[in-house]
Asks: 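What follows is a single structure, and I will ask about it in a moment.
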Protein chains: 2
Amino acid sequence: MEKITTVVPKSLEEAYTFLKSRIHERMVIIVVGNCRVEYEGRAASRISEGERILIIKKDKAVLLHRPFGYEPINWQPSSSIVSISLQKDSVRMDFIRDRPHEVLRLEFRDIFFIGCYRIEDHAVFEMYGCEKDMQEAIVLEPEAIEDGLNILEVEKKISCGVIDVYGMDKDGRIVIMELKKDKAGKEAVLQLKRYVNVIGRELGKNRVRGILVAPDVKSDAFKLLKELNLEFKRFTPKMARRIIRKHKVKTIDKY
Amino acid sequence: MEKITTVVPKSLEEAYTFLKSRIHERMVIIVVGNCRVEYEGRAASRISEGERILIIKKDKAVLLHRPFGYEPINWQPSSSIVSISLQKDSVRMDFIRDRPHEVLRLEFRDIFFIGCYRIEDHAVFEMYGCEKDMQEAIVLEPEAIEDGLNILEVEKKISCGVIDVYGMDKDGRIVIMELKKDKAGKEAVLQLKRYVNVIGRELGKNRVRGILVAPDVKSDAFKLLKELNLEFKRFTPKMARRIIRKHKVKTIDKY
DNA sequence: CGTGCCAGGTGCCCT
DNA sequence: AGGGCACTTGGCACG
């Protein structure tokens, strides 16, 4: 059980034999070779021969990469069924998943390299600066949005949709906040408008305010916002991080 | 200039020396090893040590993959600046891009494997069953949507947004079609409504119809559709493919 | 399971 | 460069 095994096969047969013995094991397999591809599922695609890099992960997630570009040219998310067979002039690999039913077929005419890696990674991935951070910061410090604001609920589910932050202003009016971590577009404005409409219908139109909370708004979206009688408040993920850190320090200081 | 070069380095120094000599060349480089990662840019992230696979492509697109899962844990799209340095107990790699300014730093404590691949792929990728196909099919055969429909324009740009297909029905009313290749949700309905509003304001509300063209609609979206006085027409990418193929055959038959 | 919605989304095309 | 929008989007949380 080597951690790493690499092969530069002399023939397709050799490549096939080696891959067949490893492909169902729980390891990462990398294949570099010349293949053509057919995919059929939600959509369908085809690409003729070219030199590409195939990665089969431990959970049978499959990625086929061209020598350039960020995105894989073809892929299969995890839980696909894997099969391999030796054809007349090629090694064929089928990766199948159900729900949705999708088939990815690679036909390798040439295999230059195979690598098998028994690697482990149990680390926890931490991400900062996402929308969730903004939400958390506003709960910790509502005055970051405006004085006298009270947060009543977060992720409030209504008939069709979810209100990011739901509160009440110093005059007793309901405040609906839609958060965006990036420059907000029209969808954000319309999303907010829908929520304001729904709540407004319940509680009375002039008892409900809608605030788009984001680092910026696209110009057309801002016009739309004004037309729809909604408000904008600048707030960035970085501002959120600062607030969260401040309150964490406070919490620690207590002990 | 070997097509493939692989190294199983005995030390970090050896790995560093080898990588340094190759990292700026136009080839695909794969590194397998134990690293920790920091990213800072639009957002920020951090992950402690774990065994991962790094891919540096010819265009300096960078992908860092865990041994499981479809998505890279960290990455940098193409055109990033690459630098490498030997630290006390690690090999450090920085991948930087401007606009937006983002920095990805990998700190390898251990490198098990390095592979360099001089590969070429100039094949053309063909994709079927996308929204574009539906558009093409409707232009070729408008009666697939309804009898007497005439297509006037495709991808019609209006004040804010793009109308997928724009036509006129047998009674002379304008028909605005919003296409979706998958089950349509609320956004699709609202998108359509916006276009109908804009055109309706110009030409008179009751001279404009809006049709959502998709394989299916989510139930809430359908309710919203009805409320907003819009229509739904079932049409799938597969139906589109059939129409396109039929017309291709016709075209060939002519010659 | 469907429904809603975020994402360092990415990519493509247009003005 | 900014805006609009599709994508085999993927992924997650929740009814």
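Protein chains get the first letters and strands the later ones, always in sequence-line order, with residue 1 at the start of each.
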Asks: Quick one: does Leu54(B)'s side chain get under 4.5 Å of Leu63(B)'s, heavy atoms only?
Replies: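 No. Closest side-chain heavy atoms not under 4.5 Å.
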Asks: Salt-bridged, Glu107(A) to Arg92(A), with N to O below 4.0 Å?
Replies: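 Salt bridge flag = yes for Arg92(A) with Glu107(A).
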Asks: Which of the following nucleotides, dC6(C), dT8(D), dG9(C), is nearest to the side chain of Trp75(B)?
Replies: dG9(C)
Asks: Under 4.0 Å, counting only non-hydrogen atoms across every strand here, what does Tyr70(B) touch: a base, just sugar-phosphate, or nothing?
Replies: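 Sugar-phosphate, no base atom in range.
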Asks: If I pick the C1' atom on dA6(D) and the same atom on dG10(D), what distance separates them, to the nearest angstrom?
Replies: 15 Å
Asks: Going by modelled atom types, is there a donor-acceptor pair between the base of dG4(D) and the side chain of Glu155(B) at under 3.5 Å?
Replies: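 Flag unset: no donor-acceptor pair detected.
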Asks: State which residue, out of Lys226(A), Arg209(A), Lys193(A), fulfils the salt bridge (Lys or Arg N to Asp or Glu O under 4.0 Å) condition with Glu231(A).
Replies: Arg209(A)
Asks: By the 4.0 Å heavy-atom rule, please label Ser219(A) as base, sugar-phosphate, or nothing.
Replies: sugar-phosphate
Asks: In whole angstrom, give the distance that lies between atom CG of Asp164(A) and atom P of dC5(C).
Replies: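 Distance check: Asp164(A) CG to dC5(C) P gives 9 Å.
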Asks: What contact category does Gln191(B) fall into here, base, sugar-phosphate, or nothing, at under 4.0 angstrom with non-hydrogen atoms?
Replies: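 Gln191(B): backbone/sugar contact only, no base atoms under 4.0 Å.
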Asks: Measure CZ/Phe222(B) against C1'/dG2(C) and give the value in whole Å, please.
Replies: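 Spelled out: CZ on Phe222(B) to C1' on dG2(C) is 17 Å.
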Asks: Mind checking Phe68(A) for me? I need base, sugar-phosphate or nothing, with any heavy atom below 4.0 Å counting as a touch.
Replies: nothing
Asks: Select one nucleotide: of dG2(C), dG8(C), dG3(D), the one nearest the side-chain heavy atoms of Lys183(A).
Replies: dG3(D)
Asks: For Lys156(B) and dC14(C), what is the distance between atoms NZ and P respectively, to the nearest whole Å?
Replies: 16 Å
Asks: Which nucleotide sits closest to the side chain of Lys186(B): dG2(D), dC5(C), dA7(C)?
Replies: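 Ranking dG2(D), dC5(C), dA7(C) by closest atom to the Lys186(B) side chain puts dC5(C) first.
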Asks: Under 4.0 Å between a side-chain N/O of Arg194(B) and OP1 or OP2 of dC5(D), yes or no?
Replies: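 For dC5(D), OP1/OP2 do have a side-chain N/O of Arg194(B) under 4.0 Å.
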Asks: Rounding to the closest angstrom, what is the interatomic distance between dC6(C) and dC7(D) at atom C1'?
Replies: 15 Å
Asks: Reckon Lys181(B) touches a base, only the sugar-phosphate, or nothing at all at heavy-atom distances under 4.0 Å?
Replies: sugar-phosphate
Asks: Could you say whether Lys157(B) or Lys132(A) is positioned toward the 5' end of DNA chain C, judged by the nucleotide with the nearest heavy atom to each?
Replies: Lys132(A)
Asks: From the set dG9(C), dG4(D), dC5(C), return the single nucleotide nearest to any side-chain atom of Asp220(A).
Replies: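 It is dG4(D).
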Asks: Could you say whether Glu71(B) or Val217(A) is positioned toward the 5' end of DNA chain D, judged by the nucleotide with the nearest heavy atom to each?
Replies: Val217(A)
Asks: On DNA chain C, does the nearest nucleotide to Lys218(B) precede the nearest nucleotide to Pro77(B) from the 5' side, or the other way round? Give the residue.
Replies: Lys218(B)
Asks: If I take atom CG in residue Leu179(B) and atom P in nucleotide dC5(D), what distance separates them, rounded to the nearest angstrom?
Replies: 13 Å
Asks: Out of dT8(D), dT10(C), dG4(D), which has the shortest distance to the side chain of Tyr195(B)?
Replies: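 Shortest atom-to-atom distance from the side chain points to dG4(D).
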Asks: Which nucleotide in the set dT8(D), dG9(C), dG8(C) lies at the smallest distance from any side-chain heavy atom of Ser45(A)?
Replies: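 Between dT8(D), dG9(C), dG8(C), the one nearest the side chain of Ser45(A) would be dT8(D).
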Asks: Quick one: which of dA6(D), dT8(D), dG8(C) gets closest to the side chain of Glu178(B)?
Replies: dA6(D)
Asks: Provide, to the nearest angstrom, the distance between the CD1 atom belonging to Ile47(B) and the P atom belonging to dG8(C).
Replies: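 So the CD1-P distance, Ile47(B) to dG8(C), works out to 13 Å.
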Asks: I need the NZ-P distance between Lys238(A) and dG8(C), as an integer number of Å.
Replies: 15 Å
Asks: Look at all strands and tell whether Gly161(B) reaches a base, only sugar-phosphate, or nothing, counting heavy atoms closer than 4.0 Å.
Replies: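 Sugar-phosphate: the residue Gly161(B), judged by heavy atoms under 4.0 Å, touches backbone atoms but no base.
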Asks: How are the rings of His65(B) and His65(A) set relative to one another: parallel (under 30°), tilted (30 to 60°) or perpendicular (over 60°)?
Replies: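 Ring orientation, 0 to 90° scale: perpendicular.
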Asks: With the side chain counted from C-beta on, respond yes when Ile151(B) and Pro142(B) share a heavy-atom pair under 4.5 Å apart, and no when they do not.
Replies: yes
Asks: How would you label the contact of Ile73(A) with the nucleic acid (heavy atoms, under 4.0 Å): base, sugar-phosphate, or nothing?
Replies: base
Asks: From CG of Asn74(A) over to C1' of dT8(D), roughly how many Å is that when rounded to an integer?
Replies: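 For the pair Asn74(A) CG and dT8(D) C1', the rounded distance is 9 Å.
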Asks: Quick check for you: among dA7(C), dG8(C), dG11(C), whose closest atom lies nearest to any side-chain atom of Arg42(B)?
Replies: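 Minimum distance to the Arg42(B) side chain belongs to dG8(C).
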Asks: Looking only at the side chain of Arg97(A) (C-beta and beyond, no hydrogens), which of the listed nucleotides dG4(C), dC5(D), dT8(D) gets closest?
Replies: dT8(D)
Asks: Leu179(B) versus Gln135(B): any side-chain heavy-atom pair under 4.5 Å?
Replies: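 Yes, at least one pair of side-chain atoms sits under 4.5 Å.
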Asks: How are the rings of Trp75(A) and Tyr70(B) set relative to one another: parallel (under 30°), tilted (30 to 60°) or perpendicular (over 60°)?
Replies: tilted
Asks: Is it the case that dG8(C) (base atoms only) and Glu102(B) (side chain only) share a donor and an acceptor within less than 3.5 Å, ignoring hydrogens and angles?
Replies: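 Per atom types, the contact qualifies.
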Asks: When the distance from CG of Asp216(A) to C1' of dG3(D) is rounded to whole Å, what number comes out?
Replies: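 One finds 13 Å between C1' of dG3(D) and CG of Asp216(A), rounded.
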Asks: By nearest atom, which of the nucleotides dC7(D), dT8(D), dG4(D) is closest to the Cys160(B) side chain?
Replies: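 When the side chain of Cys160(B) is considered, dG4(D) is the closest of dC7(D), dT8(D), dG4(D).
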